[in-house]
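Down below is the structure, laid out as C-alpha coordinates.
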2 protein chains.
Amino acid sequence: MAEVIDRRALRTRKALHSALMSLILRKGYEATTIQDIIDEADVGRSTFYGHYTGKEDLLRNGFQILRRELTDAQRAARTGTDGAQDEPLGFSRAMFEHAAGYADVYLAMVGGRGGVVAIGELRKVLSEFVRKELPAARDDGAVSRELVVQFVVGTLLTVLTWWLERRPGLTPAQADAMFRRLALNGAGASIRTRSRVG
Amino acid sequence: MAEVIDRRALRTRKALHSALMSLILRKGYEATTIQDIIDEADVGRSTFYGHYTGKEDLLRNGFQILRRELTDAQRAARTGTDGAQDEPLGFSRAMFEHAAGYADVYLAMVGGRGGVVAIGELRKVLSEFVRKELPAARDDGAVSRELVVQFVVGTLLTVLTWWLERRPGLTPAQADAMFRRLALNGAGASIRTRSRVG
DNA sequence: ACCATACCGAACATGGTGTTCATCATTATA
DNA sequence: TATAATGATGAACACCATGTTCGGTATGGT
(Lines give C-alpha, C1' and ligand atoms only; values in the text may rest on other atoms or scores of the structure.)
Protein backbone atom coordinates (compact mmCIF):
# COMPACT_ATOMS: atom_id res chain seq x y z
CA MET A 1 0.00 0.00 0.00
CA ALA A 2 1.29 3.40 -1.07
CA GLU A 3 4.88 2.42 -1.85
CA VAL A 4 7.12 5.39 -1.25
CA ILE A 5 9.95 5.55 -3.72
CA ASP A 6 11.11 9.11 -4.12
CA ARG A 7 14.22 9.86 -2.09
CA ARG A 8 12.93 13.32 -1.26
CA ALA A 9 9.84 11.91 0.39
CA LEU A 10 11.91 9.43 2.40
CA ARG A 11 14.29 12.16 3.45
CA THR A 12 11.40 14.31 4.61
CA ARG A 13 9.72 11.52 6.56
CA LYS A 14 12.92 10.51 8.30
CA ALA A 15 13.59 14.12 9.20
CA LEU A 16 10.10 14.48 10.64
CA HIS A 17 10.31 11.29 12.68
CA SER A 18 13.68 12.11 14.14
CA ALA A 19 12.59 15.67 14.84
CA LEU A 20 9.59 14.36 16.75
CA MET A 21 11.78 12.03 18.80
CA SER A 22 14.19 14.81 19.73
CA LEU A 23 11.34 17.08 20.71
CA ILE A 24 9.58 14.45 22.78
CA LEU A 25 12.77 13.83 24.72
CA ARG A 26 13.33 17.56 25.10
CA LYS A 27 9.86 18.82 26.03
CA GLY A 28 7.38 15.93 25.85
CA TYR A 29 4.81 14.97 23.26
CA GLU A 30 1.91 17.08 24.46
CA ALA A 31 3.96 20.26 24.61
CA THR A 32 5.41 19.65 21.17
CA THR A 33 3.69 21.65 18.46
CA ILE A 34 3.66 21.02 14.74
CA GLN A 35 5.42 24.34 14.40
CA ASP A 36 8.26 22.93 16.52
CA ILE A 37 8.43 19.79 14.42
CA ILE A 38 8.67 21.49 11.06
CA ASP A 39 11.17 23.99 12.43
CA GLU A 40 13.35 21.23 13.89
CA ALA A 41 13.08 19.15 10.72
CA ASP A 42 13.49 22.17 8.45
CA VAL A 43 10.47 21.28 6.40
CA GLY A 44 7.74 23.44 4.93
CA ARG A 45 4.38 23.57 6.63
CA SER A 46 2.46 22.32 3.62
CA THR A 47 5.00 19.55 3.18
CA PHE A 48 4.19 18.20 6.62
CA TYR A 49 0.49 18.06 5.90
CA GLY A 50 1.24 16.46 2.58
CA HIS A 51 2.59 13.45 4.46
CA TYR A 52 0.66 13.30 7.71
CA THR A 53 -2.63 14.58 9.00
CA GLY A 54 -1.13 15.79 12.26
CA LYS A 55 1.41 14.94 14.93
CA GLU A 56 -0.60 11.99 16.16
CA ASP A 57 -0.53 10.50 12.68
CA LEU A 58 3.22 11.00 12.55
CA LEU A 59 3.69 9.27 15.90
CA ARG A 60 1.40 6.36 15.08
CA ASN A 61 3.24 5.86 11.81
CA GLY A 62 6.45 5.42 13.75
CA PHE A 63 4.93 2.47 15.58
CA GLN A 64 4.30 0.57 12.38
CA ILE A 65 8.04 0.71 11.84
CA LEU A 66 8.71 -0.36 15.42
CA ARG A 67 6.33 -3.28 15.12
CA ARG A 68 8.06 -4.50 11.95
CA GLU A 69 11.50 -4.24 13.52
CA LEU A 70 10.40 -6.01 16.66
CA THR A 71 8.82 -8.80 14.68
CA ASP A 72 12.01 -9.28 12.70
CA ALA A 73 14.13 -9.27 15.86
CA GLN A 74 11.77 -11.83 17.30
CA ARG A 75 12.11 -14.11 14.31
CA ALA A 76 15.88 -13.75 14.29
CA ALA A 77 16.17 -14.63 17.96
CA ARG A 78 13.91 -17.64 17.51
CA THR A 79 15.91 -19.15 14.67
CA GLY A 80 19.25 -18.17 16.20
CA THR A 81 19.59 -19.66 19.65
CA ASP A 82 17.11 -22.45 19.61
CA GLY A 83 16.29 -24.12 22.85
CA ALA A 84 15.11 -21.07 24.78
CA GLN A 85 12.32 -20.50 22.33
CA ASP A 86 9.54 -22.33 24.11
CA GLU A 87 10.22 -21.02 27.57
CA PRO A 88 7.27 -19.20 29.07
CA LEU A 89 7.49 -15.52 28.12
CA GLY A 90 10.42 -16.35 25.85
CA PHE A 91 9.73 -13.33 23.69
CA SER A 92 10.84 -10.78 26.26
CA ARG A 93 14.58 -11.19 25.84
CA ALA A 94 14.55 -10.05 22.22
CA MET A 95 12.50 -7.03 23.21
CA PHE A 96 14.95 -5.91 25.87
CA GLU A 97 17.81 -6.37 23.44
CA HIS A 98 15.98 -4.27 20.88
CA ALA A 99 15.27 -1.60 23.47
CA ALA A 100 18.96 -1.45 24.33
CA GLY A 101 19.75 -0.70 20.70
CA TYR A 102 17.15 2.04 20.40
CA ALA A 103 17.27 3.36 23.95
CA ASP A 104 16.48 6.93 22.94
CA VAL A 105 13.38 5.93 21.01
CA TYR A 106 12.05 3.74 23.81
CA LEU A 107 12.88 6.42 26.34
CA ALA A 108 10.81 8.88 24.35
CA MET A 109 7.80 6.57 24.41
CA VAL A 110 7.91 5.40 27.99
CA GLY A 111 7.14 7.12 31.27
CA GLY A 112 4.71 9.76 30.10
CA ARG A 113 6.95 11.70 27.75
CA GLY A 114 5.21 10.26 24.71
CA GLY A 115 1.73 11.11 25.93
CA VAL A 116 -1.24 8.78 26.02
CA VAL A 117 -0.89 7.96 22.34
CA ALA A 118 2.60 6.51 22.64
CA ILE A 119 1.86 4.37 25.69
CA GLY A 120 -1.36 3.19 24.09
CA GLU A 121 0.35 2.17 20.86
CA LEU A 122 3.19 0.52 22.73
CA ARG A 123 0.71 -1.43 24.84
CA LYS A 124 -1.07 -2.51 21.66
CA VAL A 125 2.10 -3.78 20.01
CA LEU A 126 3.29 -5.57 23.14
CA SER A 127 -0.14 -7.10 23.75
CA GLU A 128 0.03 -8.74 20.33
CA PHE A 129 3.32 -10.40 21.22
CA VAL A 130 2.15 -11.50 24.64
CA ARG A 131 -1.07 -12.99 23.28
CA LYS A 132 0.91 -14.90 20.71
CA GLU A 133 3.08 -16.29 23.52
CA LEU A 134 0.19 -17.43 25.68
CA PRO A 135 -1.83 -19.38 23.16
CA ALA A 136 -2.96 -22.29 25.29
CA ALA A 137 -3.03 -20.64 28.68
CA ARG A 138 -5.96 -22.09 30.52
CA ASP A 139 -8.52 -19.63 31.77
CA ASP A 140 -8.61 -20.83 35.34
CA GLY A 141 -11.57 -19.30 37.09
CA ALA A 142 -9.35 -17.23 39.34
CA VAL A 143 -7.77 -14.88 36.82
CA SER A 144 -9.11 -14.32 33.31
CA ARG A 145 -6.85 -14.72 30.33
CA GLU A 146 -7.14 -11.11 29.20
CA LEU A 147 -6.23 -9.86 32.67
CA VAL A 148 -3.12 -12.03 32.57
CA VAL A 149 -2.16 -10.45 29.24
CA GLN A 150 -2.64 -6.96 30.63
CA PHE A 151 -0.68 -7.89 33.73
CA VAL A 152 2.27 -9.20 31.73
CA VAL A 153 2.29 -6.14 29.45
CA GLY A 154 2.08 -3.85 32.46
CA THR A 155 4.99 -5.60 34.15
CA LEU A 156 6.99 -5.40 30.95
CA LEU A 157 6.43 -1.65 30.78
CA THR A 158 7.21 -1.19 34.46
CA VAL A 159 10.56 -2.96 34.20
CA LEU A 160 11.36 -1.29 30.89
CA THR A 161 10.69 2.18 32.26
CA TRP A 162 12.58 1.53 35.48
CA TRP A 163 15.51 0.13 33.55
CA LEU A 164 15.82 2.95 31.01
CA GLU A 165 15.21 5.77 33.46
CA ARG A 166 16.94 4.63 36.63
CA ARG A 167 19.32 1.77 35.89
CA PRO A 168 20.53 2.30 32.32
CA GLY A 169 23.72 0.52 33.28
CA LEU A 170 22.09 -2.90 33.51
CA THR A 171 22.37 -5.30 30.61
CA PRO A 172 19.30 -6.39 28.67
CA ALA A 173 19.75 -9.85 30.13
CA GLN A 174 19.60 -8.51 33.68
CA ALA A 175 16.50 -6.43 32.99
CA ASP A 176 14.89 -9.44 31.35
CA ALA A 177 15.65 -11.60 34.38
CA MET A 178 13.88 -9.15 36.67
CA PHE A 179 10.90 -9.03 34.37
CA ARG A 180 10.58 -12.82 34.26
CA ARG A 181 10.91 -13.11 38.00
CA LEU A 182 8.21 -10.51 38.69
CA ALA A 183 5.85 -11.63 35.95
CA LEU A 184 6.09 -15.33 36.78
CA ASN A 185 6.51 -15.33 40.56
CA GLY A 186 5.35 -11.91 41.69
CA ALA A 187 6.84 -9.81 44.44
CA GLY A 188 5.84 -12.14 47.28
CA ALA A 189 9.40 -13.23 47.93
CA SER A 190 10.53 -9.61 48.23
CA ILE A 191 7.65 -8.61 50.49
CA ARG A 192 7.06 -11.39 52.97
CA THR A 193 9.97 -10.94 55.31
CA ARG A 194 8.66 -12.47 58.53
CA SER A 195 5.85 -14.82 57.47
CA ARG A 196 6.61 -18.23 55.97
CA VAL A 197 5.49 -19.58 52.62
CA GLY A 198 2.35 -21.25 53.93
CA MET B 1 -2.91 27.23 53.50
CA ALA B 2 -5.33 29.50 51.63
CA GLU B 3 -8.48 28.58 53.52
CA VAL B 4 -11.46 28.93 51.22
CA ILE B 5 -14.49 30.16 53.10
CA ASP B 6 -16.80 31.98 50.74
CA ARG B 7 -19.68 29.81 49.52
CA ARG B 8 -19.46 31.31 46.06
CA ALA B 9 -15.88 30.18 45.66
CA LEU B 10 -16.72 26.66 46.84
CA ARG B 11 -19.67 26.49 44.47
CA THR B 12 -17.49 27.54 41.57
CA ARG B 13 -14.73 25.07 42.36
CA LYS B 14 -17.10 22.17 42.72
CA ALA B 15 -18.78 23.09 39.45
CA LEU B 16 -15.42 23.22 37.69
CA HIS B 17 -14.25 19.88 39.07
CA SER B 18 -17.43 18.09 38.17
CA ALA B 19 -17.46 19.70 34.73
CA LEU B 20 -13.94 18.45 34.12
CA MET B 21 -14.90 14.91 35.16
CA SER B 22 -17.91 14.84 32.83
CA LEU B 23 -15.84 16.16 29.96
CA ILE B 24 -12.99 13.69 30.52
CA LEU B 25 -15.47 10.83 30.44
CA ARG B 26 -17.16 12.26 27.34
CA LYS B 27 -14.19 13.30 25.20
CA GLY B 28 -10.99 12.71 27.14
CA TYR B 29 -8.67 15.09 28.96
CA GLU B 30 -6.47 16.15 26.05
CA ALA B 31 -9.40 17.01 23.84
CA THR B 32 -11.10 18.98 26.59
CA THR B 33 -10.57 22.72 26.28
CA ILE B 34 -10.93 25.35 28.96
CA GLN B 35 -13.71 26.79 26.86
CA ASP B 36 -15.55 23.47 27.22
CA ILE B 37 -15.02 23.47 30.97
CA ILE B 38 -16.35 26.95 31.63
CA ASP B 39 -19.27 26.34 29.29
CA GLU B 40 -20.16 23.08 31.05
CA ALA B 41 -19.72 24.61 34.48
CA ASP B 42 -21.45 27.83 33.47
CA VAL B 43 -18.66 29.96 34.83
CA GLY B 44 -17.04 33.09 33.49
CA ARG B 45 -13.69 32.89 31.79
CA SER B 46 -11.99 35.27 34.18
CA THR B 47 -13.51 33.38 37.09
CA PHE B 48 -11.77 30.21 36.01
CA TYR B 49 -8.39 31.88 35.86
CA GLY B 50 -9.12 33.46 39.21
CA HIS B 51 -9.06 29.99 40.75
CA TYR B 52 -6.70 27.92 38.63
CA THR B 53 -3.85 28.60 36.28
CA GLY B 54 -5.11 26.14 33.66
CA LYS B 55 -6.81 22.80 33.24
CA GLU B 56 -3.77 20.92 34.51
CA ASP B 57 -3.89 22.89 37.73
CA LEU B 58 -7.58 22.07 38.10
CA LEU B 59 -6.93 18.37 37.59
CA ARG B 60 -3.98 18.24 39.97
CA ASN B 61 -6.05 20.00 42.61
CA GLY B 62 -8.60 17.21 42.40
CA PHE B 63 -5.94 14.71 43.40
CA GLN B 64 -5.26 16.46 46.66
CA ILE B 65 -8.89 15.78 47.53
CA LEU B 66 -8.57 12.18 46.40
CA ARG B 67 -5.45 11.66 48.48
CA ARG B 68 -7.17 12.99 51.60
CA GLU B 69 -10.21 10.77 51.07
CA LEU B 70 -8.09 7.71 50.45
CA THR B 71 -6.03 8.33 53.55
CA ASP B 72 -9.19 8.64 55.64
CA ALA B 73 -10.63 5.46 54.14
CA GLN B 74 -7.35 3.77 54.93
CA ARG B 75 -7.40 4.83 58.53
CA ALA B 76 -11.04 3.84 58.92
CA ALA B 77 -10.42 0.37 57.52
CA ARG B 78 -7.41 -0.09 59.76
CA THR B 79 -9.23 0.73 62.96
CA GLY B 80 -12.40 -1.06 61.90
CA THR B 81 -11.70 -4.69 61.10
CA ASP B 82 -8.45 -5.30 62.89
CA GLY B 83 -6.60 -8.48 62.18
CA ALA B 84 -6.26 -8.08 58.40
CA GLN B 85 -4.23 -4.93 58.89
CA ASP B 86 -0.76 -6.41 58.85
CA GLU B 87 -1.25 -8.71 55.90
CA PRO B 88 1.20 -7.98 53.10
CA LEU B 89 -0.39 -5.40 50.78
CA GLY B 90 -3.23 -4.99 53.25
CA PHE B 91 -3.94 -1.46 52.02
CA SER B 92 -5.37 -2.54 48.68
CA ARG B 93 -8.78 -3.61 49.90
CA ALA B 94 -9.73 -0.14 51.10
CA MET B 95 -8.64 1.30 47.78
CA PHE B 96 -10.85 -1.03 45.76
CA GLU B 97 -13.76 -0.26 48.05
CA HIS B 98 -13.17 3.44 47.55
CA ALA B 99 -12.95 3.00 43.81
CA ALA B 100 -16.29 1.21 43.82
CA GLY B 101 -17.89 4.21 45.48
CA TYR B 102 -16.40 6.69 43.04
CA ALA B 103 -16.35 4.54 39.95
CA ASP B 104 -16.94 7.44 37.56
CA VAL B 105 -14.05 9.46 38.95
CA TYR B 106 -11.62 6.53 38.81
CA LEU B 107 -12.86 5.65 35.35
CA ALA B 108 -12.07 9.17 34.22
CA MET B 109 -8.50 8.89 35.48
CA VAL B 110 -7.63 5.42 34.33
CA GLY B 111 -6.95 3.95 30.90
CA GLY B 112 -5.74 7.02 29.08
CA ARG B 113 -8.84 9.17 29.30
CA GLY B 114 -7.25 11.39 31.92
CA GLY B 115 -4.09 11.99 29.94
CA VAL B 116 -0.55 11.64 31.21
CA VAL B 117 -1.19 14.02 34.06
CA ALA B 118 -3.93 11.92 35.66
CA ILE B 119 -2.03 8.65 35.45
CA GLY B 120 1.08 10.34 36.74
CA GLU B 121 -0.70 11.83 39.73
CA LEU B 122 -2.52 8.58 40.45
CA ARG B 123 0.78 6.70 40.35
CA LYS B 124 2.27 9.23 42.74
CA VAL B 125 -0.54 8.87 45.27
CA LEU B 126 -0.56 5.09 45.07
CA SER B 127 3.22 4.92 45.32
CA GLU B 128 3.06 6.71 48.65
CA PHE B 129 0.67 4.11 50.02
CA VAL B 130 2.69 1.20 48.70
CA ARG B 131 5.94 2.53 50.12
CA LYS B 132 4.29 2.95 53.49
CA GLU B 133 3.20 -0.68 53.32
CA LEU B 134 6.60 -2.06 52.45
CA PRO B 135 8.68 -0.42 55.13
CA ALA B 136 11.01 -3.25 55.97
CA ALA B 137 11.10 -5.06 52.67
CA ARG B 138 14.62 -6.30 52.25
CA ASP B 139 16.42 -5.20 49.14
CA ASP B 140 17.51 -8.62 47.99
CA GLY B 141 20.07 -8.25 45.25
CA ALA B 142 17.71 -9.67 42.65
CA VAL B 143 15.05 -6.98 42.56
CA SER B 144 15.52 -3.49 43.95
CA ARG B 145 13.03 -2.06 46.40
CA GLU B 146 11.95 0.79 44.14
CA LEU B 147 11.29 -1.61 41.29
CA VAL B 148 9.08 -3.65 43.60
CA VAL B 149 7.11 -0.52 44.46
CA GLN B 150 6.67 0.33 40.79
CA PHE B 151 5.67 -3.23 40.05
CA VAL B 152 3.01 -3.27 42.76
CA VAL B 153 1.61 0.10 41.66
CA GLY B 154 1.56 -1.04 38.05
CA THR B 155 -0.29 -4.22 38.95
CA LEU B 156 -2.75 -2.22 41.00
CA LEU B 157 -3.48 0.03 38.03
CA THR B 158 -3.74 -2.91 35.65
CA VAL B 159 -6.31 -4.70 37.79
CA LEU B 160 -8.16 -1.46 38.53
CA THR B 161 -8.44 -0.55 34.86
CA TRP B 162 -9.44 -4.04 33.82
CA TRP B 163 -12.05 -4.19 36.55
CA LEU B 164 -13.68 -0.82 35.88
CA GLU B 165 -13.62 -1.11 32.10
CA ARG B 166 -14.34 -4.76 31.45
CA ARG B 167 -15.74 -6.43 34.56
CA PRO B 168 -17.65 -3.71 36.42
CA GLY B 169 -19.87 -6.45 37.82
CA LEU B 170 -17.20 -7.86 40.12
CA THR B 171 -17.17 -6.88 43.77
CA PRO B 172 -14.27 -4.90 45.24
CA ALA B 173 -13.31 -8.02 47.21
CA GLN B 174 -13.03 -10.09 44.04
CA ALA B 175 -10.93 -7.45 42.27
CA ASP B 176 -8.73 -7.19 45.33
CA ALA B 177 -8.23 -10.95 45.40
CA MET B 178 -6.98 -10.91 41.80
CA PHE B 179 -4.64 -8.07 42.56
CA ARG B 180 -3.13 -9.85 45.56
CA ARG B 181 -2.71 -13.06 43.66
CA LEU B 182 -0.92 -11.39 40.74
CA ALA B 183 1.18 -9.05 42.82
CA LEU B 184 2.29 -11.69 45.32
CA ASN B 185 2.53 -14.83 43.17
CA GLY B 186 2.72 -13.58 39.61
CA ALA B 187 1.12 -15.13 36.56
CA GLY B 188 3.27 -18.26 36.57
CA ALA B 189 0.41 -20.51 37.65
CA SER B 190 -1.76 -19.22 34.81
CA ILE B 191 0.97 -19.56 32.19
CA ARG B 192 2.85 -22.77 32.82
CA THR B 193 0.40 -25.35 31.58
CA ARG B 194 2.69 -28.18 30.63
CA SER B 195 5.90 -27.64 32.58
CA ARG B 196 6.14 -28.55 36.27
CA VAL B 197 7.16 -26.26 39.08
CA GLY B 198 10.81 -27.30 39.14
C1' DA C 1 17.05 16.78 -21.36
C1' DC C 2 12.49 16.17 -19.97
C1' DC C 3 8.65 15.87 -17.11
C1' DA C 4 6.56 14.47 -13.03
C1' DT C 5 6.37 15.47 -8.45
C1' DA C 6 8.00 16.81 -4.02
C1' DC C 7 9.08 20.94 -1.61
C1' DC C 8 8.64 25.81 -0.47
C1' DG C 9 6.64 29.88 1.70
C1' DA C 10 3.40 33.14 2.16
C1' DA C 11 -1.25 34.10 3.14
C1' DC C 12 -5.64 33.17 5.31
C1' DA C 13 -9.66 32.05 8.39
C1' DT C 14 -10.45 29.75 12.58
C1' DG C 15 -10.30 28.84 17.34
C1' DG C 16 -8.18 28.40 21.92
C1' DT C 17 -5.31 31.00 25.37
C1' DG C 18 -4.45 34.00 29.10
C1' DT C 19 -5.12 38.82 30.71
C1' DT C 20 -7.45 43.14 31.89
C1' DC C 21 -11.20 45.97 33.50
C1' DA C 22 -15.47 48.08 34.63
C1' DT C 23 -19.78 46.42 36.45
C1' DC C 24 -22.91 43.62 38.98
C1' DA C 25 -24.23 40.11 42.68
C1' DT C 26 -23.57 37.83 46.91
C1' DT C 27 -21.57 37.27 51.24
C1' DA C 28 -20.05 38.07 56.06
C1' DT C 29 -20.51 41.11 59.72
C1' DA C 30 -21.74 45.07 62.57
C1' DT D 1 -30.84 45.86 57.68
C1' DA D 2 -27.14 48.53 56.00
C1' DT D 3 -22.45 48.33 54.46
C1' DA D 4 -17.99 47.14 52.93
C1' DA D 5 -15.51 43.32 51.00
C1' DT D 6 -15.04 39.93 47.86
C1' DG D 7 -16.36 36.92 44.11
C1' DA D 8 -18.47 36.51 39.49
C1' DT D 9 -19.35 38.44 35.00
C1' DG D 10 -18.59 39.20 30.06
C1' DA D 11 -16.53 41.79 26.64
C1' DA D 12 -12.33 43.07 24.51
C1' DC D 13 -7.51 42.28 23.53
C1' DA D 14 -3.08 40.38 21.55
C1' DC D 15 -0.98 36.09 20.75
C1' DC D 16 -0.10 31.73 18.78
C1' DA D 17 -1.00 27.11 16.68
C1' DT D 18 -3.84 24.96 13.29
C1' DG D 19 -5.01 23.31 8.82
C1' DT D 20 -5.62 24.71 4.02
C1' DT D 21 -4.61 26.84 -0.51
C1' DC D 22 -1.74 28.10 -4.38
C1' DG D 23 1.83 29.74 -7.61
C1' DG D 24 6.59 29.12 -8.02
C1' DT D 25 11.01 26.42 -7.47
C1' DA D 26 14.02 22.28 -6.95
C1' DT D 27 15.10 17.76 -7.37
C1' DG D 28 14.24 13.23 -8.68
C1' DG D 29 13.42 9.32 -12.03
C1' DT D 30 13.91 7.68 -16.82
Side-chain angles (χ1 to χ4, degrees), chain A residues 1-62 64-65 113-118, chain B residues 1-62 64-65 113-118:
Chain A
M1 45 184 85
E3 298 274 336
V4 182
I5 14 164
D6 202 310
R7 288 181 209 165
R8 292 171 293 181
L10 281 180
R11 257 188 65 84
T12 301
R13 297 196 170 207
K14 280 195 177 178
L16 288 174
H17 273 117
S18 108
L20 179 59
M21 286 305 141
S22 305
L23 286 163
I24 288 180
L25 283 172
R26 201 179 312 154
K27 51 193 288 192
Y29 173 76
E30 318 286 5
T32 295
T33 143
I34 294 187
Q35 198 63 48
D36 294 334
I37 301 176
I38 62 185
D39 285 350
E40 175 88 13
D42 232 314
V43 153
R45 183 167 203 70
S46 49
T47 304
F48 177 93
Y49 285 105
H51 287 277
Y52 306 101
T53 69
K55 64 170 177 167
E56 187 167 326
D57 189 30
L58 172 59
L59 182 59
R60 288 209 142 87
N61 194 281
Q64 299 184 10
I65 306 172
R113 268 173 296 273
V116 210
V117 186
Chain B
M1 48 186 86
E3 298 271 337
V4 182
I5 14 161
D6 203 310
R7 290 181 205 162
R8 292 170 293 180
L10 281 180
R11 256 190 67 82
T12 301
R13 294 194 173 210
K14 279 196 179 179
L16 287 173
H17 273 117
S18 110
L20 179 59
M21 286 305 142
S22 305
L23 286 163
I24 288 179
L25 283 171
R26 202 179 311 151
K27 51 192 292 193
Y29 173 76
E30 317 287 4
T32 296
T33 139
I34 293 187
Q35 198 64 50
D36 294 334
I37 301 176
I38 64 183
D39 285 352
E40 176 88 12
D42 230 316
V43 152
R45 184 169 201 69
S46 49
T47 305
F48 177 92
Y49 285 105
H51 286 277
Y52 305 102
T53 69
K55 63 171 177 167
E56 187 167 326
D57 189 31
L58 172 59
L59 182 60
R60 288 209 141 89
N61 193 281
Q64 299 185 10
I65 304 173
R113 266 173 298 273
V116 210
V117 186

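Below, read A as the first sequence line, B as the second, and so on, with proteins coming before strands; counting in each chain starts at 1. Bear in mind that the values here come from a model prediction, so they are computed numbers and not experimental data.
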Requested in this report: To the nearest Å, give me how far apart CD1 (B:I37) and P (C:dG18) are.
Outcome: 11 Å

Report summary line: Closest of C:dT19, C:dC8, D:dG28 to the A:S46 side chain is C:dC8

Report task. Nearest whole angstrom, please: distance from the C1' of D:dA17 to the CD1 of A:I38. Result -> 10 Å

Requested in this report: Compare side-chain N and O positions of A:H51 against OP1 and OP2 of C:dA6 and report whether any pair is under 4.0 Å apart.
Outcome: no

Report summary line: Ranking D:dG19, C:dT27, D:dG28 by distance to the side chain of B:R8, first place goes to C:dT27

Query - Nearest-neighbour nucleotide for the A:Q35 side chain, D:dA17, C:dA6, C:dT17 considered - result: D:dA17

Query - For atom CG of A:L10 and atom P of C:dT5, their distance in whole Å - result: 16 Å

Requested in this report: Give one of base, sugar-phosphate or nothing for B:D36, where a contact means two heavy atoms less than 4.0 Å apart.
Outcome: nothing

Requested in this report: Measure from the side chain of B:T33, starting at C-beta and using heavy atoms only, and say which of C:dG16, C:dC7, D:dT21 lies closest.
Outcome: C:dG16

**Report entry** d(CZ, B:R11; C1', C:dT26) in whole Å
**Finding:** 11 Å

Query raised in the report: Quick one: does B:K55's side chain have a donor or acceptor within less than 3.5 Å of a partner on B:L20's backbone?
Result: no

Query raised in the report: For the side chain of A:R7 and the base of D:dG29, is some donor closer than 3.5 Å to an acceptor across the two?
Result: no

Query raised in the report: Under 6.0 Å from the NZ atom of A:K27, do we count more than 12 heavy atoms belonging to anything else shown?
Result: yes

Requested in this report: Compare side-chain N and O positions of A:Y49 against OP1 and OP2 of D:dT20 and report whether any pair is under 4.0 Å apart.
Outcome: no

Requested in this report: Report yes if the side chains of A:E40 and A:R26 come closer than 4.5 Å at any heavy-atom pair, otherwise no.
Outcome: yes

Query - Integer-rounded Å distance: C:dC21 P and B:R45 CZ - result: 17 Å

Query raised in the report: Taking atom C1' of C:dG18 as reference, at what distance in whole Å does atom CD of B:E56 sit?
Result: 15 Å

Query raised in the report: What is the distance from atom OH of A:Y49 to atom CG of A:D57, rounded to the nearest 0.5 Å?
Result: 11.0 Å

Query raised in the report: Choosing from C:dT27, C:dA6, C:dT17, which nucleotide comes nearest the side chain of B:D6?
Result: C:dT27

Query - Pairwise 5' ranking along DNA chain C for B:I34 and A:V43, keeping only the more 5' one - result: A:V43

Requested in this report: Would you name the heavy atoms of A:I37 and A:A19 that are closest together and state the gap between them?
Outcome: O-CB, 3.9 Å

